[in-house]
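Report on the following structure.
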Amino acid sequence: MARLKRSTSRKKTKKARPGWLRLLAAMLFVPLFVYLGLAALGSLVPVNRGWVEADEGVTVYLVDNGVHLDIAFPVAAAGVSWAPYFPAGDLADPDWANAAHVMIGSGDRGIYTEAKDWADLKPGTALRALAGGDRVMHVQYVTGPERFADAEIRLTLAEYRRLWQSVRESFAMDEDGWPQRLDTPGYWPSDAFYEGKGGFNAIMTCNQWVARQLRIAGVESSLWSPLSKGLPWRYREVGED
């Protein structure tokens, strides 16, 4: 009888393990599923619902690398220019400052400065960023953004100037009113990093930063779009009228 009881006890122990595993999986994945669900819902809720794209004006582009969105601006348009803010001397190859467009995005300091590509990104760095990191700005001179952009938006001159001003105010300026370049090398000869304002976290991500800039400009945007796919779908594909 003793042997039978010991055998039964071992069987009960084995059956108990999957329950703990399911609980652990729920603790890990339920918050993720809730986050993704809220992100999907937030991307569907519009702000500036009455906005209509301009027939004429200045075109900007949304560029999606699969995870991260940038806005590509003409270097000079509507009476304002990015050239004085991102001089040739800030680039590894100064000739890139002659490009017609500049691509601007924001992100977490740790991710930007520690991971040259996604393979270099460490889980700890990503978790610290989502919990709360420092925002930095990434600027890259580019040519022909229409070749690789995911969407384009034609803005009135007033909308463009509001967008330009809002993005400019995302940079932490020095006492003379100029962006503060980081010592961190760029990814390519055409880019550089600068100090940004505010923090980075799971709520105010790089992609929500883009959505917020467009909202401030008066353009229809998504209420909350922390993922890159939650915004470009609202606008025209490149070359589509």
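All of these numbers come straight from a predicted model, not from anything done at the bench. Quick note: numbers below take in every heavy atom, side chains included, and nothing from hydrogens, waters or symmetry partners.
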Examine [X] and [Y] and state if one hydrophobic cluster contains both, with Ile, Leu, Val, Met, Phe, Trp and Tyr joined whenever side-chain heavy atoms are less than 4.5 Å apart.
{"X": "V102", "Y": "F193", "result": "no"}
{"X": "L214", "Y": "V80", "result": "yes"}
{"X": "V142", "Y": "L163", "result": "no"}
{"X": "V47", "Y": "I153", "result": "no"}
{"X": "W178", "Y": "W82", "result": "yes"}

Measuring from [X]:[atom1] to [Y]:[atom2], what's the distance to the nearest 0.5 Å?
{"X": "S225", "Y": "W233", "atom1": "OG", "atom2": "CH2", "value": "9.5 Å"}
{"X": "L231", "Y": "W224", "atom1": "CG", "atom2": "CH2", "value": "14.0 Å"}
{"X": "Y194", "Y": "S170", "atom1": "OH", "atom2": "OG", "value": "14.5 Å"}
{"X": "L223", "Y": "L41", "atom1": "CG", "atom2": "CG", "value": "8.5 Å"}
{"X": "L69", "Y": "D150", "atom1": "CG", "atom2": "CG", "value": "7.5 Å"}
{"X": "R162", "Y": "E159", "atom1": "CZ", "atom2": "CD", "value": "6.0 Å"}

| query | Is there a side-chain contact (heavy atoms from CB on, under 4.5 Å) between F171 and V139 once you walk through the steps? | reply | CA-CA 11 Å; F171 290 80; V139 175; 3.8 Å; yes
[X] side-chain N/O to [Y] backbone N/O, donor-acceptor pair under 3.5 Å:
{"X": "R234", "Y": "S43", "result": "yes"}
{"X": "N201", "Y": "I203", "result": "yes"}
{"X": "R135", "Y": "S106", "result": "no"}
{"X": "S221", "Y": "A211", "result": "yes"}
{"X": "N207", "Y": "V67", "result": "yes"}
{"X": "D174", "Y": "Q180", "result": "no"}
{"X": "E237", "Y": "A151", "result": "no"}
{"X": "Y235", "Y": "E220", "result": "yes"}

| Partner set under side chain to side chain contact (heavy atoms under 4.5 Å, CB included) for R109, not counting sequence neighbours |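 Result, side chain to side chain contact (heavy atoms under 4.5 Å, CB included) vs R109: T113, D134, V136, L182, E195.
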Should the pair [X] and [Y] be assigned to parallel (<30°), tilted (30 to 60°) or perpendicular (>60°) ring geometry?
{"X": "Y61", "Y": "H101", "result": "perpendicular"}
{"X": "H138", "Y": "Y187", "result": "tilted"}
{"X": "Y141", "Y": "F86", "result": "perpendicular"}
{"X": "W164", "Y": "Y85", "result": "perpendicular"}

Closest contact, heavy atoms only, [X] versus [Y]:
{"X": "Y160", "Y": "A78", "value": "CD2-CB, 3.7 Å"}
{"X": "S222", "Y": "G42", "value": "CB-O, 3.9 Å"}
{"X": "Y35", "Y": "T205", "value": "OH-CG2, 4.0 Å"}
{"X": "A77", "Y": "V58", "value": "CB-CG1, 3.9 Å"}
{"X": "W209", "Y": "I104", "value": "CZ3-O, 4.0 Å"}
{"X": "A92", "Y": "P94", "value": "O-CD, 3.6 Å"}

| said: Could you check whether atom CG of D176 has more than 12 heavy atoms from other residues, nucleotides or ligands sitting under 6.0 Å from it? | reply: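 Counting neighbours around CG of D176, more than 12 heavy atoms of other residues, nucleotides or ligands fall under 6.0 Å, so yes.
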| field | Residue pairs, two or more places apart or on separate chains, that pass salt bridge (charged side-chain N to carboxylate O under 4.0 Å, His left out) and touch residues 43-70 | value |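 Every salt bridge (charged side-chain N to carboxylate O under 4.0 Å, His left out) pair that includes a residue of residues 43-70, provided the two are not neighbours, is E53-R236, D64-K229.
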| message | Per the salt bridge (charged side-chain N to carboxylate O under 4.0 Å, His left out) rule, what does the pair list look like for residues 74-85, sequence neighbours excluded? | response |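 Qualifying pairs: none.
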| L227 vs L36, side-chain contact (heavy atoms from CB on, under 4.5 Å): CA-CA, chis, key distance, verdict | CA-CA 9 Å; L227 307 179; L36 294 176; 3.8 Å; yes
| query | Should S190 and L91 be marked as a side-chain contact (heavy atoms from CB on, under 4.5 Å) after you check the CA-CA gap, both sets of side-chain angles, and the distance that decides it? | reply | CA-CA 6 Å; S190 57; L91 309 176; 5.5 Å; no
| Derivation and outcome, side-chain contact (heavy atoms from CB on, under 4.5 Å), residues L62 and I71 | CA-CA 5 Å; L62 297 187; I71 307 174; 4.1 Å; yes
